[in-house]
Asker: 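The structure that follows is given in the form of structure tokens.
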Amino acid sequence: MWTVGVSAAWRAAYRRSVRSAFATVPFYRERWALDGRTDPVLVPGRTGTDSGAAPLAEAMHKIVDLVPLAGGAHQVEPSRGLGPVLRKARSVTGDALVVVLGGDEVRPPVDLPRGVRCCVVDPDVPAPSVVAELSSALRRGRRVLAVGDDKQLAVFAAALPEDRAYRVESVPRRELDTMDSGPYGVLHDPALGYLGAIEECGRWHLDWPRVYARPTTGGLAFTLLRQDSPRFVDVLPAGGVRGEIAPCPRHGTPVVLT
């Protein structure tokens with residue numbers, strides 16, 4: 001449950017991320033030194049624009065400066081976090097096959113449960129060998145879950161044999177400005193990866209051990225707590241989505257309200 005102690009630990013992890021970014025990541029060192037930020041205040045007297053949050057588009061434009069001084073990767077990971085959030089959205093165990101729908105920029109996630117297989121499929125041009133593998137998996141009774149936006153899911157289902165397409169479990173992928181009431185779904189950003197999922201209570205739960213979010217005057221700002229490089233700390237996804245972060249009345253863990 002979301003106790004005071006857990007809430008304090010979540011917030012402490014965020015503040016550590018902020019201080020670490022200020023000390024080691026060029027983008028934040030320059031931005032916060034010149035403009036400042038709040039909570040925590042790093043430069044006395046300078047509170048920063050939007051409490052120090054930065055538009056994600058601006059950060060992506062300077063992605064080489066999101067790499068810590070000690071070095072690290074400078075490519076985004078669109079599939080980051082799928083494993084943890086998918087377990088919240090649907091039960092994924094055993095020899096299930098997860099199909100991530102996307103283009104060449106998408107790599108298979110590395111955090112799926114042990115034993116679960118995964119493949120990335122371009123729904124517009126699915127390889128015949130992939131379609132054959134999926135059909136074989138369904139024929140043998142294996143669970144197949146497809147993760148994508150509504151258009152991708154529809155195109156993918158149309159590429160499968162009619163007698164098997166209905167057996168594929170669809171997991172809609174939503175961005176912050178397309179959140180709906182489910183009943184299933186995962187919350188995604190093309191740069192930040194997977195941020196949360198709808199749980200059985202019908203609310204959008206953050207993947208709080210790995211993702212921090214807070215409201216600012218520019219919208220909801222997100223921080224990836226466990227990604228070393230590129231570092232995303234207090235970034236505002238496109239559109240400046242307005243919302244709140246509140247404890248779920250049923251589970252006590254943080255949910256996104258827009």
Side-chain angles (χ1 to χ4, degrees), residues 2 7 10 14 50-51 53-57 59-60 76-92 98-103 105-106 109 111 123 145-157 168-225 227 232-258:
W2 189 243
S7 177
W10 191 46
Y14 161 70
D50 294 329
S51 302
L56 179 57
M60 290 292 294
V76 298
E77 298 182 51
S79 295
R80 184 215 61 81
L82 177 58
V85 304
L86 190 57
R87 289 194 290 270
K88 292 178 179 290
R90 304 296 291 262
S91 174
V92 185
V98 175
V99 180
V100 179
L101 302 177
E105 76 284 359
V106 180
D111 49 16
L145 298 94
V147 182
D149 62 32
D150 290 338
K151 179 182 177 181
Q152 291 171 331
L153 290 169
V155 171
F156 176 67
V168 175
E169 301 177 45
S170 294
V171 182
R173 183 169 59 214
R174 299 285 184 246
E175 296 190 17
L176 284 162
D177 58 355
T178 60
M179 291 166 55
D180 59 13
S181 57
Y184 306 111
V186 287
L187 185 60
H188 182 258
D189 180 90
L192 303 178
Y194 290 86
L195 305 172
I198 294 180
E199 294 199 22
E200 70 274 10
C201 61
R203 298 176 179 85
W204 285 96
H205 281 252
L206 276 179
D207 180 21
W208 64 268
R210 299 163 189 83
V211 178
Y212 185 91
R214 67 179 182 120
T216 73
T217 52
L220 288 173
F222 289 82
T223 297
L224 300 185
L225 297 173
Q227 181 162 296
F232 291 107
V233 180
D234 267 347
V235 292
L236 301 162
V241 178
R242 308 288 172 175
E244 300 177 19
I245 305 299
C248 173
R250 179 170 169 183
H251 297 96
T253 50
V255 296
V256 182
L257 305 175
T258 59

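As the structure is a computational prediction, the values presented were derived from the model and not from experiment.
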Asker: If you apply the rule side-chain contact (heavy atoms from CB on, under 4.5 Å), what do you find for V99 with E169, and how did you get there?
Answerer: CA-CA 10 Å; V99 180; E169 301 177 45; over 6 Å; no
Asker: Only counting residues at least two apart or in another chain, list the ones meeting salt bridge (Lys or Arg N to Asp or Glu O under 4.0 Å) with R210.
Answerer: D207
Asker: For the pair R80 (side chain) and L192 (backbone), establish whether a donor and an acceptor sit closer than 3.5 Å, ignoring hydrogens and angles.
Answerer: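 Checked: pair present.
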Asker: To check you understand the geometry: which heavy-atom pair defines the closest contact between D111 and G81, and what is its length?
Answerer: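 For D111 and G81, the tightest heavy-atom pair comes out as OD2-N, 3.0 Å.
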Asker: Quick one: are P172 and D149 in side-chain contact, heavy atoms under 4.5 Å?
Answerer: no
Asker: Could you check whether any side-chain heavy atom of C248 comes within less than 4.5 Å of a side-chain heavy atom of P254, counting everything from C-beta outward?
Answerer: no
Asker: Looking at residues at least two apart in the chain, or sitting in another chain, which of them share a side-chain hydrogen bond (donor to acceptor under 3.5 Å, both in side chains) with D50?
Answerer: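 Applying side-chain hydrogen bond (donor to acceptor under 3.5 Å, both in side chains) to D50 gives T217.
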Asker: Roughly how far, to the nearest 0.5 Å, is the OG atom of S170 from the CD atom of Q152?
Answerer: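 Separation between the atoms: 11.5 Å.
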Asker: Using only atom types and a distance under 3.5 Å, with no angle test, would you say the side chain of W10 pairs donor to acceptor with the backbone of W208?
Answerer: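 Yes: the side chain of W10 pairs with the backbone of W208.
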Asker: Tell me the closest heavy-atom pair linking V147 and L82, and the distance in Å.
Answerer: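 In terms of heavy atoms, the two residues are closest at CG1-CD1, 4.4 Å.
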Asker: Take V211 and L225 through the test side-chain contact (heavy atoms from CB on, under 4.5 Å) and record every step on the way to the result.
Answerer: CA-CA 6 Å; V211 178; L225 297 173; over 6 Å; no
Asker: To check you understand the geometry: which heavy-atom pair defines the closest contact between L220 and P237, and what is its length?
Answerer: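 Answer, listing the atom of L220 first, then P237: O-CD, 3.5 Å.
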Asker: I'd like to check the side-chain contact (heavy atoms from CB on, under 4.5 Å) partners of V76; sequence neighbours left out, ordered by chain and number.
Answerer: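 Result, side-chain contact (heavy atoms from CB on, under 4.5 Å) vs V76: M60, I63, P78, A191, F232.
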Asker: Heavy atoms only: give me the nearest A146-L153 pair and the separation to one decimal.
Answerer: O-CD2, 3.5 Å
Asker: Quick one: which residue pairs count as a side chain to side chain donor-acceptor pair (under 3.5 Å) with a foot in residues 233-243, not counting sequence neighbours?
Answerer: Y14-D234, R37-D234, R214-D234
Asker: Could you name each residue pair satisfying side chain to side chain donor-acceptor pair (under 3.5 Å) that touches residues 191-206, not counting sequence neighbours?
Answerer: K88-E199, R173-Y194, E200-H251, H205-T253
Asker: Locate the shortest heavy-atom distance separating G243 from P215; write the atom from each residue and the value.
Answerer: O-CB, 3.6 Å
Asker: Which atom names give the shortest non-hydrogen contact between V100 and S79, and what distance separates them?
Answerer: CG1-OG, 4.4 Å
Asker: Working note: T258 + V241, criterion side-chain contact (heavy atoms from CB on, under 4.5 Å); need CA distance, chi angles, decisive distance, verdict.
Answerer: CA-CA 8 Å; T258 59; V241 178; 4.0 Å; yes
Asker: Please report the interatomic distance CG(L86) to OG(S91), rounded to the nearest 0.5 Å.
Answerer: 9.5 Å
Asker: Identify which one of L176, D189, L236 satisfies the side chain to side chain contact (heavy atoms under 4.5 Å, CB included) criterion when paired with F222.
Answerer: L176
Asker: For the CD atom on E105, are there more than 12 heavy atoms of other groups (residues, nucleotides or ligands in this structure) within a distance under 6.0 Å?
Answerer: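 Yes, enclosed.
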Asker: Measure the spacing between CG of L206 and CG of L187 and express it to the nearest 0.5 Å.
Answerer: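 L206 CG to L187 CG: 7.5 Å, rounded to 0.5 Å.
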Asker: Taking salt bridge (Lys or Arg N to Asp or Glu O under 4.0 Å) as the definition, give me every residue that meets it alongside D180, ordered by chain and number, with sequence neighbours left out.
Answerer: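 In terms of salt bridge (Lys or Arg N to Asp or Glu O under 4.0 Å), with neighbours along the sequence ignored, D180 is linked to R174.
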